[in-house]
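Have a look at the structure below before the remarks.
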Amino acid sequence: RPDAAVSAGGLRREIFGFLPYWELSDSSTRLDWEKLSTIAFFGVGASSTGNLVKKNSNGSTTVGWSGWTSSRMTSVINDAHSHHTRVVLTVQSFAWTSGQLANQKALLGSSTARLNLVRQVAAAIRDRGADGVNLDFEPIASGFADIPLTRGPAEAEAGIVNVLVGADDELFAEVEPIVSCFADNI
């Protein structure tokens, strides 16, 4: 994993930029590596059973998965790493509609589905040589926000992230490597 370019002589803060799939192949998209410490590819969906959503119902590849596995994304990853910029995959589970809410509740309510998602995310990161994951679950279904981020003003100023994880030992062993990619204290 590359160290982000945050240093006394360079960036003074973590600069987290999103690269949506629809911008990936746009010839006008420019990534300023001098200003980015982390680039987050957006994104790949998570199903109710914890699978990364790679196929549409008609069998075609989803635009998110197609972007993540594309040669253009390979170039972005290589360029980012050569500039000491991290690359993370954004995995999304939205709950804005009743169907999305049911999907998210099924995913978060099943330890088997959560473990499946952790394993698939870890494989997707490993297979692309990426550096971590950004989970975009919005809004979180009621009763499932059991990984709160906590920090006071001094920790925020220092860029420290604390995470409380509510999980059994087996699940914690699976999620700890991913959570440790972004959290200082778990």
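Residues: numbered from 1 along the sequence shown. On a predicted model such as this, the values are computed, not experimentally measured, just so you know.
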### Message
Using modelled atom types and a 3.5 Å cut-off, is there a donor and acceptor pairing between side-chain atoms of S66 and backbone atoms of V63?
### Response
no
### Message
Within the 4.5 Å heavy-atom criterion, are V91 and L117 side-chain neighbours or not?
### Response
yes
### Message
Donor-acceptor check, side chain of R72 to backbone of L24, threshold 3.5 angstrom: yes or no?
### Response
yes
### Query
With distance as the sole test, does Q104 use its side chain to make a donor-acceptor pair with the main-chain N or O of Q100 at under 3.5 Å?
no
### Query
Does one hydrophobic cluster hold both L101 and L108, with members joined at side-chain heavy-atom distances below 4.5 Å?
no
### Query
Which is it for D131 and I125 under the side-chain contact (heavy atoms from CB on, under 4.5 Å) test, yes or no, and what are the steps along the way?
CA-CA 7 Å; D131 305 297; I125 293 167; over 6 Å; no
### Task
Take D79 and W33 through the test side-chain contact (heavy atoms from CB on, under 4.5 Å) and record every step on the way to the result.
CA-CA 8 Å; D79 289 348; W33 302 118; 3.9 Å; yes
### Task
Kindly indicate whether the side chain of L107, heavy atoms from C-beta on, has any atom under 4.5 Å from the side chain of S47.
no
#### Entry: Q92/L135 under side-chain contact (heavy atoms from CB on, under 4.5 Å): CA gap, chis, key distance, verdict
CA-CA 6 Å; Q92 68 224 34; L135 298 177; over 6 Å; no
#### Entry: Polar side-chain atom of T85 near backbone of S37 as donor-acceptor pair, under 3.5 Å
no
### Task
Any pair with a residue in residues 40-61 that passes ring pair (Phe, Tyr, Trp, His ring centres under 6.0 Å), sequence neighbours left out, goes on the list, sorted by first then second residue, please.
F41-W68
### Task
Measure the shortest side-chain to side-chain distance between L36 and R86 over non-hydrogen atoms and say whether it is less than 4.5 angstrom.
no
### Query
For the side chain of Q120 and the backbone of L52, is there at least one donor-acceptor N/O pair under 3.5 Å apart?
yes
### Query
Where is the tightest heavy-atom contact between A113 and A106, given as atom of each residue plus distance?
CB-O, 4.4 Å
### Y21 and V44: CA distance, side-chain angles, deciding distance, side-chain contact (heavy atoms from CB on, under 4.5 Å) verdict
CA-CA 9 Å; Y21 64 82; V44 176; over 6 Å; no
### Query
Can you check whether T61 reaches K54 side chain to side chain, under 4.5 Å on heavy atoms?
no
### Message
Treating N51 as the side-chain partner and V53 as the backbone partner, does any N or O pair qualify as donor plus acceptor under 3.5 Å?
### Response
no
### Task
For residues V88 and I39, determine if any side-chain heavy atom of one lies less than 4.5 Å from a side-chain heavy atom of the other.
no
#### Entry: Any T74 side-chain heavy atom under 4.5 Å of R128 side chain
yes
### Task
Answer yes or no: is there a donor N or O on one side and an acceptor on the other, between the side chain of N103 and the main chain of A46, under 3.5 Å?
yes
### Message
Please enumerate all residues that pass side-chain contact (heavy atoms from CB on, under 4.5 Å) together with T69, with sequence neighbours excluded.
### Response
W65
### Task
Enter the distance from N116:CG to S48:OG here, rounded to the nearest 0.5 Å.
10.5 Å
### Set of residues satisfying side chain to side chain donor-acceptor pair (under 3.5 Å) with respect to N134, sequence neighbours excluded
T90
### Message
Quick one: does any side-chain atom of N58 pair with a main-chain N or O of S60 as donor and acceptor, under 3.5 Å?
### Response
yes
### Task
State whether the side chain of T29 and the backbone N or O of E23 hold a donor-acceptor pair below 3.5 Å, judged by distance alone.
yes
